**Student:** 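The structure follows.
As the structure is a computational prediction, the values presented were derived from the model and not from experiment.
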Amino acid sequence: QASIKNSTYKEIVRVAAEAVNGRVPLFVGAMDNSVERVKDRIDMIKEYNRYSLLPHNTFGIEAEAAHFVEFGSEDALVSCLKNGIKGRTLVIGAGSNLVFVKDFDGTVFHSAIKDIEIVAEDDASVLVRVGSGVVMDDFVAHCVERGWYGIENLSLIPGEVGASAVQNVGAYGVEAG
């Protein structure tokens, strides 16, 4: 396990490359004084062939993706897409609303974008930009820990924040998305 604090961007990229090639878990923490920022991964793409989707569906059904791509930033995803993707594609989150009945013969994309950033804040509200790969319950806990109330009814809803853009994420009269 490698931990980097107060390092230059080049040092972070070098250690990340070594970690990925050596299969060493890497956790990078960064703080920017102008905004609160939480980042679990730096910009990267992980690609696999014949990848088990078992950890990506809450029903625990074994299925494989012919190709699996996990991206750590919007730029990383765009870069991957520019290289061309052939065949069927599917974008997934935590798989809490997904059932595989057979192997997927295309490319499955999964977001590892874990940023949480304050965009604007005043006495009455906070506008937060959240990475699509953040687990919804973790985001709710993040908000409650900081006294940002109003989203706490969404606690324990399975899935990742990215799903709120395409489906109803709600409970007890509170909805996101």
**Student:** Output every pair passing side-chain hydrogen bond (donor to acceptor under 3.5 Å, both in side chains) with a member in residues 79-88, not counting sequence neighbours, ordered by first then second residue.
**Tutor:** Arg88-Asp105
**Student:** With sequence neighbours excluded, tell me which residues meet ring pair (Phe, Tyr, Trp, His ring centres under 6.0 Å) with His56.
**Tutor:** Tyr51, Phe68, His110
**Student:** Roughly how far, to the nearest 0.5 Å, is CG of Asp75 from CE of Met44?
**Tutor:** 14.5 Å
**Student:** Name all pairs fulfilling the salt bridge (charged side-chain N to carboxylate O under 4.0 Å, His left out) condition that reach into residues 49-60, sequence neighbours left out, sorted by first residue then second.
**Tutor:** Arg50-Glu64
**Student:** What residues form a side chain to side chain donor-acceptor pair (under 3.5 Å) with Glu145, not counting sequence neighbours?
**Tutor:** none
**Student:** Quick one: closest heavy-atom pair of Gly72 and Ala76, and the distance?
**Tutor:** N-CB, 4.3 Å
**Student:** Who pairs with Leu81 by side-chain contact (heavy atoms from CB on, under 4.5 Å), at least two apart in sequence or on another chain?
**Tutor:** Leu77, Ile85, Phe109
**Student:** May I ask you to test the Phe139-Glu160 pair for a side-chain heavy-atom distance under 4.5 Å?
**Tutor:** no
**Student:** Return a table of donor-acceptor pairs under 3.5 angstrom between the side chains of residues 129-138 and protein atoms on other chains or two or more places apart.
**Tutor:**
unit_1	atom_1	unit_2	atom_2	d
Arg129	NH2	Glu74	OE2	2.6
Ser132	OG	Ser111	OG	2.6
Asp137	OD1	Ser155	OG	2.9
Asp137	OD1	Leu156	N	2.7

**Student:** Name all residues meeting the side chain to side chain donor-acceptor pair (under 3.5 Å) criterion together with Thr58; count only those two or more places apart in sequence or in a different chain, and write none if there are none.
**Tutor:** none
**Student:** Honestly curious: do Leu54 and Leu98 fall in one hydrophobic cluster under the side-chain, below-4.5 Å linking rule?
**Tutor:** no
**Student:** To the closest 0.5 Å, what do you measure between OG1 (Thr107) and CG (Asn49)?
**Tutor:** 9.0 Å
**Student:** Only counting residues at least two apart or in another chain, list the ones meeting side chain to side chain donor-acceptor pair (under 3.5 Å) with Glu121.
**Tutor:** none
**Student:** Can you give me the closest heavy-atom contact between Gly159 and Ala94, atom names plus distance?
**Tutor:** CA-CB, 3.8 Å
**Student:** Would a 4.5 Å heavy-atom cut-off, applied to side chains only, mark Ile92 and Phe104 as touching?
**Tutor:** no
**Student:** Could you pull out all residues at least two apart from Val99 that satisfy side-chain contact (heavy atoms from CB on, under 4.5 Å)?
**Tutor:** Phe59, Ile61, Val101
